[in-house]
Number of protein chains: 2
Amino acid sequence: MSGADPAVAPADEPALCRRARGLSGRTIAEVARELGRALPHAPGRAKGYVGTLVEAALGASAGNRSEPDFPALGVELKTVPMSAAGVPRESTFVCSIALDRVADAEWAESAVARKLERVLFIPVESERGVAFEARRFGAPLLWSPAPAQRARLRADWEMLADLVGRGELDRVTAHLGVALQIRPKAAHSRVVRLGPGEDGSVWTLPRGFYLRRTFTASVFATAAGGASGMGR
Amino acid sequence: MSGADPAVAPADEPALCRRARGLSGRTIAEVARELGRALPHAPGRAKGYVGTLVEAALGASAGNRSEPDFPALGVELKTVPMSAAGVPRESTFVCSIALDRVADAEWAESAVARKLERVLFIPVESERGVAFEARRFGAPLLWSPAPAQRARLRADWEMLADLVGRGELDRVTAHLGVALQIRPKAAHSRVVRLGPGEDGSVWTLPRGFYLRRTFTASVFATAAGGASGMGR
DNA sequence: CAGGATCCACTATTGGATCCCG
DNA sequence: CGGGATCCAATAGTGGATCCTG
């Protein structure tokens, strides 16, 4: 074993960061072996595997509960697939939308605001041509939104929550929002959920909030010594 | 006739701007008719037609000479095809590259810097679905680069001129440069010109400097009341 | 040929769909 | 089902090729 007992949650942020840095440079296969976990059975059938693996490696509260991964620290954990150029390859899921309750919510109380207040990003190599099990973890980033970033997220959230609350879900597409967007969140497109419609409730596809790839890219770029914090 | 005699160059910038504003809202067909010019014979065979038409309409010195379109004013004229959203659809040609002379040139003396010091942009509607002759001119923009824009152009130019001067023309692609890029400028790809190579001179494709679409977009966005002048 | 540009095949992006696990 | 995410067909973007005129 290489560090503290992974089954136990880290006591504080420094301890968490130490564990996270311990992953840097190591491969998925190495970490899986140390935790006694099998690698995914089939290539392309590995969605979510790395996220779960990192949860175990860092001692996050496992499972599907709607609280931070590290409840005592208020820290949310996200793995981010990175291209060789150091740019995220995918958007980042934030949380599902409670379609029936978003109407009269306030930004400060929202699940999005709470989840994003403190996030530990773990970059993972993700390049066609590098075998899944050989992909390496990168340097972790413990992030809280800068004022301009928080303002951007809030503006997007208020615009989107307003649309949902007004029953205009059918106007909501992933095109909306600069930093934050709404996209489907379901096993497939026939799944339905009750949500606000033009006349009362309608059956609709479950949705989630996601961070755009460009936003996450700017978060990493800024942290790496970038200039502005937002913008190109 | 709607304004001053188009055959005569405007006396000063205000006069030029008045003529340019006179085009706003009018169609290519209307302007062509007033100047007694035939419309292009075939659709898709109209490259350059609008540029030449506007030169005539505004009293620019016609022809292929390497001086500003309005020599007395030091103003360069560029038509810009615009999408319905008000964003340029194409990059903007600036000038050809003297491959054999760019090596020891200085930015301030360069053709790029001189051409871009004062530019009159004339937007033209350019949307599949709007017939060529029915496309309308937009509000003109008389522009000089803001300090940040000039610095960006200079940095790009120096990087590119350096590559060309060092005989590394084969490493120059249109990917290089944030605001300014180098692309082929010839009738077709078999045209060759003598330029600097790794060992003396080599035959190579003629090239030109172009403004990227994103840069021209930011120029228009800023002038339209935008915030930053550069950036997204 | 130099200046006026646009065309278009290919690549990059991404919105919507989908998959695994507990 | 909710949390962990990635997949991929369709669209947007653009680099290199091309076209017209004087």
Side-chain angles (χ1 to χ4, degrees), chain A residues 40-42 44-55 60-67 69 76-81 83 87 89-96 98 115 124 126 132 173-176 181-191 193 205-208 210 212-214, chain B residues 40-55 60-67 69 76-81 83 87 89-96 98 115 124 126 132 172-176 181-191 193 205-208 210 212-214:
Chain A
H41 310 64
R45 293 292 154 122
K47 293 185 185 182
Y49 178 90
V50 180
T52 312
L53 180 66
V54 173
E55 285 180 349
S61 337
N64 55 356
R65 285 167 299 158
S66 180
E67 56 178 33
D69 295 287
E76 180 70 20
L77 179 65
K78 291 291 173 194
T79 60
V80 181
S83 75
V87 174
R89 295 190 69 81
E90 294 286 351
S91 52
T92 301
F93 173 68
V94 179
C95 60
S96 296
K115 287 235 178 191
V124 189
S126 170
F132 180 80
T173 79
H175 294 278
L176 301 175
Q181 65 183 165
I182 287 181
R183 281 164 50 202
K185 177 62 174 139
H188 51 79
S189 57
R190 284 94 61 202
V191 175
R193 182 70 41 83
L205 194 55
R207 318 293 172 100
Y210 293 77
R212 281 188 185 278
R213 202 176 58 83
T214 47
Chain B
H41 309 68
R45 293 291 152 122
K47 293 186 184 183
Y49 177 91
V50 179
T52 313
L53 180 67
V54 173
E55 285 181 351
S61 337
N64 56 356
R65 284 167 301 160
S66 180
E67 56 178 31
D69 295 287
E76 180 69 20
L77 180 64
K78 290 292 172 194
T79 59
V80 181
S83 74
V87 175
R89 293 190 69 81
E90 293 286 350
S91 53
T92 301
F93 173 68
V94 179
C95 60
S96 296
K115 287 236 177 190
V124 189
S126 170
F132 180 80
V172 174
T173 78
H175 295 279
L176 301 174
Q181 65 183 163
I182 287 182
R183 280 164 49 199
K185 177 63 174 135
H188 51 80
S189 57
R190 283 94 60 203
V191 175
R193 183 70 42 82
L205 194 54
R207 318 294 172 101
Y210 292 76
R212 281 187 185 278
R213 203 176 56 84
T214 47

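As a basis for the values below, the full set of heavy atoms in this structure was taken, side chains included, without hydrogen atoms, waters or symmetry mates. Letters go in sequence order (proteins before strands), and every chain restarts at 1.
- Summarising the geometry, the separation between CZ on Phe132(A) and C1' on dC7(D) is reported as 14 Å, rounded to the nearest angstrom.
- Nearest heavy-atom pair, Leu77(B) versus Ala60(B), reported as atom, atom and distance to 0.1 Å: CD2-CB, 4.5 Å.
- Distances were taken from every side-chain heavy atom of Arg183(B) (C-beta onward) to each of dG15(D), dC21(C), dT14(D); the shortest belongs to dG15(D).
- When every heavy atom of Arg212(A) is checked against every heavy atom of His175(A), the shortest pair comes out as NH2-O, 3.0 Å.
- Close to dA5(D), at under 4.0 Å from its OP1 or OP2, lies no side-chain N or O of Thr92(A).
- In this structure a side-chain-to-backbone donor-acceptor pair under 3.5 Å is present from Ser61(A) to Asp69(A).
- For the pair Leu53(B) CG and dT6(C) P, the interatomic distance rounds to 13 Å; values are reported in whole Å.
- Separating the CZ atom of Arg89(A) from the C1' atom of dA12(C) is a distance of 10 Å, rounded to the nearest angstrom.
- Within 4.0 Å (heavy atoms only), Arg212(B) reaches sugar-phosphate atoms of the nucleic acid but no base atom.
- In this entry the distance linking NE2 of His188(A) with C1' of dC20(C) reads 14 Å, nearest Å.
- Among the heavy atoms of the strands lying under 4.0 Å from Lys185(A) is at least one base atom, whether or not backbone atoms are also near.
- Looking at heavy-atom distances under 4.0 Å, Arg207(A) makes no contact with the nucleic acid at all.
- In terms of modelled atom types and a separation under 3.5 Å, the side chain of Arg193(B) and the main chain of Val191(B) share no donor-acceptor contact.
- In this structure, the nucleotide among dG4(D), dA17(C), dG15(D) sitting nearest to the side chain of Ala174(B) is dG15(D).
- With dA5(C), dT21(D), dG15(C) as the choices, the nucleotide that has an atom nearest any side-chain atom of Gln181(A) turns out to be dG15(C).
- Counting to the nearest Å, the C1' atom of dA5(D) and the NZ atom of Lys115(A) are 13 Å from each other.
- Between dT18(C) and Arg190(A), a contact under 4.0 Å exists linking OP1 or OP2 to a side-chain N or O.
- Side-chain to base pairing of Lys47(A) with dT18(C): one donor and one acceptor N or O lie within less than 3.5 Å of each other.
- Checking the phosphate oxygens (OP1, OP2) of dG4(D), no side-chain nitrogen or oxygen of Thr79(A) falls inside 4.0 Å.
- Side-chain atoms of Ser96(B) lie closest to dA2(C) of the nucleotides dT18(C), dA2(C), dT18(D).
- Distance Leu205(B) CG to dA17(D) C1': 9 Å, rounded to the nearest Å.
- Here Ser189(B) reaches the OP1 or OP2 of dT18(D): one of its side-chain N or O atoms lies under 4.0 Å away.
- Lys185(A) places no side-chain N or O within 3.5 Å of a backbone atom of Cys95(A) that could act as its donor or acceptor partner.
- A heavy-atom distance below 4.5 Å is not found between the side chains of Glu90(B) and Ser126(B).
- Note on Gly51(B): only backbone sugar-phosphate atoms sit closer than 4.0 angstrom, heavy atoms only; bases stay farther off.
- The phosphate of dT14(C) (OP1 or OP2) has a side-chain N or O of Arg213(A) nearer than 4.0 angstrom.
- To the nearest angstrom, P of dA5(C) lies 9 Å from CD of Glu76(B).
- Computed from C1' positions of five pairs at each end, the angle between the two local axes of the helix from dC1(C)-dG22(D) to dG22(C)-dC1(D) equals 40°, rounded to 10 degrees.
- Taking the nucleotide of DNA chain D with the nearest heavy atom to each of Thr52(B) and Thr173(B), the more 5' of the two is matched to Thr173(B).
- The distance between atom CZ of Phe93(B) and atom P of dG15(D), rounded to the nearest whole Å, is 17 Å.
- Projected onto DNA chain D by closest heavy-atom contact, Gly48(B) and His175(B) fall at different nucleotides, the more 5' of which corresponds to His175(B).
- Pro40(B) places none of its side-chain heavy atoms less than 4.5 Å from the side chain of Arg45(B).
- Contact annotation for Tyr210(B): base contact, defined as any heavy-atom pair under 4.0 Å involving a base atom.
- The shortest distance between the side-chain N/O atoms of Arg45(B) and the OP1/OP2 oxygens of dT6(C) is not below 4.0 Å.
- Gln181(A) places no side-chain N or O within 3.5 Å of a backbone atom of Tyr210(A) that could act as its donor or acceptor partner.
- Nearest heavy atoms, Val94(B) versus Lys78(B): O-NZ, 4.1 Å.
- Using a 4.0 Å heavy-atom distance criterion, Pro81(B) is classed as a sugar-phosphate-only contact.
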